[in-house]
Number of protein chains: 2
Amino acid sequence: MKLLESQKSILQALKNKEMCIVIGECAVDYDGRAHSNLPRGKRMLLIKADLSISIHENRLIRPTNYMMKASISCELNDKTKTLIIKAKRNNPKETITAEFTEIIDINSYDLPESNDLRLVGSEKELNDALMDDLSFLEAGLKPINQQQYFRTGICDIIAEDAKGRLVVIELKRRQADYGAVTQLKRYAEEVQKMKGVETRGILLAPSIRKSALDLLKKYDLEYFSYDFEIKERSKIKGINKSQMKINEY
Amino acid sequence: MKLLESQKSILQALKNKEMCIVIGECAVDYDGRAHSNLPRGKRMLLIKADLSISIHENRLIRPTNYMMKASISCELNDKTKTLIIKAKRNNPKETITAEFTEIIDINSYDLPESNDLRLVGSEKELNDALMDDLSFLEAGLKPINQQQYFRTGICDIIAEDAKGRLVVIELKRRQADYGAVTQLKRYAEEVQKMKGVETRGILLAPSIRKSALDLLKKYDLEYFSYDFEIKERSKIKGINKSQMKINEY
DNA sequence: ATTCTCAGGTGCCTA
DNA sequence: TAGGCACTTGAGAAT
């Protein structure tokens, strides 16, 4: 495929905000937050309407190189007989240079930009489901706040238990790790300090890494496991407190 | 484009391990770790040689739906006059169903699978650069171990300082956050307990979030900032200890 | 196969 | 704009 013709196709696609797919032999350099080099080889370059650009090899889901909200240029180098697609941006300052020695195919498509993926089973949704009925987790538990911003982070749920103690809840949709425990610890401390009231911290997750459980115990926090299912909406099916010997409150 | 013809193209591409790009109007359902639904719309479906599959809208770098190492099938539904591409896998058990009501274009390309991206500036590389000359960080600092596996994680660097104290070093290639501090804290405690020797913990990062620095101080850990540059190899340019008032050792 | 961590993480939201 | 964090995180390395 002629390079001049290719250049015209790409510029046209950019102008029309069409999804543009370039197949060809290229070498790719990236410089910015890191530095990478991809030797000459056959790849697919993808430009989207929002000026995101990515270079895909014939493996993996993630592209080898990528940039969002790029300034994209496409120029011919008459000396080297190559077509050079450059993507640049500031903040962070970075550059992708794809030098095509051969263009195998170019296709552009007018695909309307949309954003209508409906996702069920996110943490946010589980959070809402839990807030609907906290007594499910423990009798007498009443919701106070959700997604409360602290200096040290964002606390999933704050509630009050039957004995009037504050309860900080950190919810995870998958196995809890160290991060989950240290998050909960931070929020529990924050609440304790702010309110000066005895505060419990509960980590709620489908499972927990053994070492994270050790840390949790050390911090005097509690862990409950739970199951959930996802159909039309997320639904919390059951809570199991027996995995951990908890002092009876 | 005829659906029957499309089906043949896709099956052929799968057989030949070609990168296959399908453009068309489709609705996509995902069920597995979560559940998602994408209403009918024009999109690009990408199948690669390693049987990874992804559905891209005309925006963002990441696909709306994706699966790696999938079992991919492609069948006609004569009643609904649709072409159905299904991707399945076990562990985790999940399914993507893309139902095409219209195929706009299909192209397949024989792109050899390769894996030759050379990336400079990874944390691993910076780690190696630092290990080459730890005295750069502090006079008299001697490396003992690198990437040591603990029960609680993997410690970047362990060294011994001029006074014979153990030093645990956590290195970050970008701004240090809570996670970096709690990681370091864990490893420092682990080493302290194992060896029964006074142990210092040093966090080394280009910068640190203010709240993370507060936590670090609370834990009696140290923070040094550093600059690095990435050309052929990563190189640590300088270390600045003055950002924090550190007790003189 | 599980565990663990990095990533040029990306993307979303809110103060 | 920066902070904080979820993500069907993905991807690789080590156990």
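Excluded from the calculations below are hydrogen atoms, water molecules and symmetry mates; all remaining heavy atoms, backbone and side chain alike, are included. First the proteins, then the strands, lettered A, B, ... as listed; each starts at 1.
- The pair A:Lys185-A:Glu189 meets the salt-bridge criterion, with a side-chain N (NZ, NE, NH1 or NH2) lying under 4.0 Å from an Asp/Glu carboxylate O.
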With the criterion being N/O to N/O and under 3.5 Å, what pairs connect the protein with nucleotides 2-5 of chain C, and how long is each?
residue : atom : partner  : partner atom : Å
C:dT5   : OP1  : B:Arg186 : NH2          : 3.1
C:dT5   : OP1  : B:Tyr187 : OH           : 3.0

Sort me out a list of protein N/O and nucleotides 9-11 of chain D N/O pairs below 3.5 Å, or just none if empty.
residue : atom : partner  : partner atom : Å
D:dT9   : OP2  : A:Arg173 : NH1          : 2.7
D:dT9   : O2   : A:Arg62  : NH2          : 3.0
D:dG10  : OP1  : B:Arg33  : NH2          : 3.2
D:dG10  : OP2  : B:Arg33  : NH1          : 3.1
D:dG10  : O4'  : A:Arg62  : NE           : 2.9
D:dG10  : O4'  : A:Arg62  : NH2          : 2.8
D:dA11  : OP1  : A:Ile61  : N            : 3.0
D:dA11  : OP1  : A:Arg62  : N            : 3.1

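- Within the structure, salt bridge (charged side-chain N to carboxylate O under 4.0 Å, His left out) contacts touching residues 20-31 of chain B (residues at least two apart or in different chains) are B:Glu25-B:Arg40.
- Remark: B:Lys195 engages B:Leu166, B:Val191, B:Val197 in a side chain to side chain contact (heavy atoms under 4.5 Å, CB included) (not counting sequence neighbours).
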What protein N or O atoms touch nucleotides 13-15 of chain C N or O atoms at under 3.5 angstrom, if any, and at what distances?
residue : atom : partner  : partner atom : Å
C:dT14  : O4'  : A:Tyr149 : OH           : 2.9

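- Not a single salt bridge (charged side-chain N to carboxylate O under 4.0 Å, His left out) links B:Glu18 to another residue, sequence neighbours left out.
- A:Lys231 meets the salt bridge (charged side-chain N to carboxylate O under 4.0 Å, His left out) test with no other residue; sequence neighbours excluded.
- Every salt bridge (charged side-chain N to carboxylate O under 4.0 Å, His left out) that A:Lys124 has, sequence neighbours left out, goes to A:Asp128.
- Atom CD in A:Glu125 sits about 14 Å away from atom C1' in D:dT8, given to the nearest Å.
- For A:Asp156, there are no side-chain hydrogen bond (donor to acceptor under 3.5 Å, both in side chains) partners at least two apart in sequence or on another chain.
- Applying the side-chain hydrogen bond (donor to acceptor under 3.5 Å, both in side chains) test to B:Arg59 and every residue at least two apart in sequence or in another chain returns A:Asn115.
- The CD1-P distance, from B:Ile208 to D:dG3, rounds to 12 Å in whole Å.
- Atom NE2 in B:His35 sits about 13 Å away from atom P in D:dT8, given to the nearest Å.
- Residues passing the side-chain hydrogen bond (donor to acceptor under 3.5 Å, both in side chains) test with A:Asn91: none are found, sequence neighbours excluded.
- Comparing the C1' positions of C:dG8 and D:dA14 gives an interatomic distance of 24 Å, to the nearest angstrom.
- Under the 30°/60° scheme for interplanar angles, the aromatic rings of B:His56 and A:His56 are found to stand perpendicular.
- Under the side-chain hydrogen bond (donor to acceptor under 3.5 Å, both in side chains) criterion, B:Glu94 pairs with B:Tyr30, B:Arg33, sequence neighbours left out.
- Nearer the 5' end of DNA chain C, as judged by each residue's closest nucleotide, is the contact made by A:Ala34, out of A:Asn115 and A:Ala34.
- Rounded to an integer number of Å, the gap from CE of A:Met67 to C1' of C:dG11 is 17 Å.
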